[in-house]
Amino acid sequence: EEISRLGNDVTVFSMMHHVKETREWDLSRRRFGFVHAILPGFVIPRRQWAFPLAVNFGVIPTLYRANPDIVISTGGFSLANIASFAYSKLWRKKFVNWCEFTLEDGSRKFWLKRLIRNLLSRYADGCIASSSPSKEAFKHFGANPDKVKIILLPVEVASFHGRAMAYRES
């Protein structure tokens with residue numbers, strides 16, 4: 001609703017319109033009070049992961065056509081997030097990384113995950129953390145502490161996710 005009040009000053013790009021394993025909605029059927037588009041791509045479901053892997057293509061050309069003043073990339077460190085970071089740096093746009101992650105998520109075990117988190121944290125113009133542990137993770141991966149802001153989520157994500165998965169399995 002808050003985004004709707006901004007009208008056409010905001011464009012939101014979603015990575016997926018629907019993933020039956022983790023989402024109960026279909027964004028392609030919703031009407032929003034702001035410009036909304038779904039990035040082209042596909043999903044790779046994996047039982048080992050809590051969430052499937054979204055593989056989006058055309059992120060950079062899509063952002064180039066939209067010509068935003070600032071890119072707020074949510075969802076962490078996916079391929080689309082990396083592409084939006086690259087676009088921001090190539091075209092000198094502000095990049096804000098908004099995600100929920102902690103030092104306990106296993107990302108420190110694999111060098112490529114560490115590298116990606118380091119780049120997208122250290123070179124972001126700002127970071128939005130959803131908790132104090134998330135802020136500590138941004139700082140651990142090189143974010144300037146003055147540029148990391150905590151915005152609390154109204155839903156405790158891990159608890160909600162666990163209950164939603166239990167409901168789906170029942």
Side-chain angles (χ1 to χ4, degrees), residues 1-19 22-23 25-43 51-103 105 107 112-155 157:
E1 291 179 16
E2 287 295 319
I3 294 174
S4 297
R5 292 183 196 159
L6 297 172
N8 289 335
D9 290 342
V10 172
T11 301
V12 175
F13 296 102
S14 298
M15 290 176 21
M16 312 173 247
H17 67 87
H18 180 74
V19 179
T22 61
R23 306 290 188 264
W25 64 79
D26 187 343
L27 293 178
S28 63
R29 296 182 184 167
R30 289 213 43 200
R31 299 208 188 283
F32 299 96
F34 51 87
V35 179
H36 177 260
I38 299 167
L39 294 168
F42 57 92
V43 174
F51 297 100
L53 175 66
V55 179
N56 299 100
F57 44 87
V59 174
I60 292 176
T62 300
L63 288 171
Y64 181 80
R65 285 190 298 277
N67 191 25
D69 297 320
I70 184 169
V71 175
I72 302 174
S73 183
T74 64
F77 305 98
S78 70
L79 299 173
N81 299 104
I82 296 166
S84 64
F85 174 78
Y87 165 82
S88 298
K89 295 307 168 187
L90 287 170
W91 277 273
R92 298 183 180 177
K93 306 290 183 169
K94 296 288 185 188
F95 177 83
V96 176
N97 190 359
W98 182 353
C99 73
E100 168 61 32
F101 78 119
T102 68
L103 294 175
D105 71 2
S107 60
L112 185 57
K113 284 185 177 184
R114 286 193 314 271
L115 175 66
I116 293 167
R117 280 159 176 72
N118 187 287
L119 288 172
L120 271 66
S121 298
R122 181 179 306 272
Y123 298 106
D125 296 291
C127 299
I128 301 174
S130 59
S131 64
S132 295
S134 184
K135 181 176 183 173
E136 291 305 312
F138 274 119
K139 290 179 354 185
H140 173 82
F141 285 106
N144 179 340
D146 296 333
K147 292 183 179 183
V148 181
K149 304 300 178 202
I150 297 175
I151 298 179
L152 299 178
L153 297 175
V155 176
V157 177

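None of the values given here were measured: they were computed from a predicted structure. One is the number of the first residue; the rest follow in order along the sequence. Below, all heavy atoms of this structure are taken into account, side chains as well, without hydrogens, waters or symmetry copies.
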(request) Could I get the full list of side chain to side chain donor-acceptor pair (under 3.5 Å) partners for Asn144, not counting sequence neighbours? (result) none

(message) Is any side-chain heavy atom of Leu63 closer than 4.5 Å to one of Trp91?
(response) no

(request) Please report the shortest heavy-atom distance between Leu119 and Phe85, naming the atom on each side. (result) O-CZ, 3.6 Å

(message) Just verifying a value: how many Å separate Leu120 CG and Phe138 CZ, rounded to the nearest 0.5 Å?
(response) 9.0 Å

(request) Identify which one of Thr74, Val71, Ile70 satisfies the side-chain contact (heavy atoms from CB on, under 4.5 Å) criterion when paired with Val96. (result) Ile70

(request) Would you name the heavy atoms of Ile60 and Ala86 that are closest together and state the gap between them? (result) CD1-CB, 4.3 Å

(message) Minimum heavy-atom separation for Ala80 and Val59, please, with both atom names.
(response) O-CG1, 4.0 Å

(message) Test: salt bridge (charged side-chain N to carboxylate O under 4.0 Å, His left out). Region: residues 68-91. Which pairs qualify, not counting sequence neighbours?
(response) Lys89-Asp125

(message) Going by the rule side chain to side chain contact (heavy atoms under 4.5 Å, CB included), which residues pair with Ala66 if we only count those two or more places apart in sequence or in a different chain?
(response) Phe13, Pro68

(request) Would you check if the side chain of Asn81 reaches a backbone N or O of Ser78 as a donor-acceptor pair within less than 3.5 Å? (result) yes

(message) If I take atom OH from residue Tyr64 and atom NZ from residue Lys93, how far apart are they, to the nearest 0.5 angstrom?
(response) 9.5 Å

(request) With the side chain counted from C-beta on, respond yes when Phe95 and Tyr123 share a heavy-atom pair under 4.5 Å apart, and no when they do not. (result) no

(message) Working to the nearest 0.5 angstrom, can you tell me the gap between Leu112 CG and Arg117 CZ?
(response) 9.5 Å

(message) Less than 4.5 Å apart, side chain to side chain, heavy atoms only: is that true for Leu103 and Pro133?
(response) no

(request) Measure the shortest side-chain to side-chain distance between Phe101 and Ser134 over non-hydrogen atoms and say whether it is less than 4.5 angstrom. (result) yes

(message) Within this structure, what is the SG-CD1 distance for the pair Cys127 and Ile72, rounded to the nearest 0.5 Å?
(response) 12.0 Å

(message) Working to the nearest 0.5 angstrom, can you tell me the gap between Ser121 OG and Lys139 NZ?
(response) 12.5 Å

(request) Determine the minimum heavy-atom distance between Lys147 and Ala124, stating which atoms define it. (result) CD-O, 4.5 Å

(request) Specify the closest pair of heavy atoms between Ile116 and Phe77, including all atoms of both residues, with the distance to one decimal. (result) CG2-CB, 3.8 Å

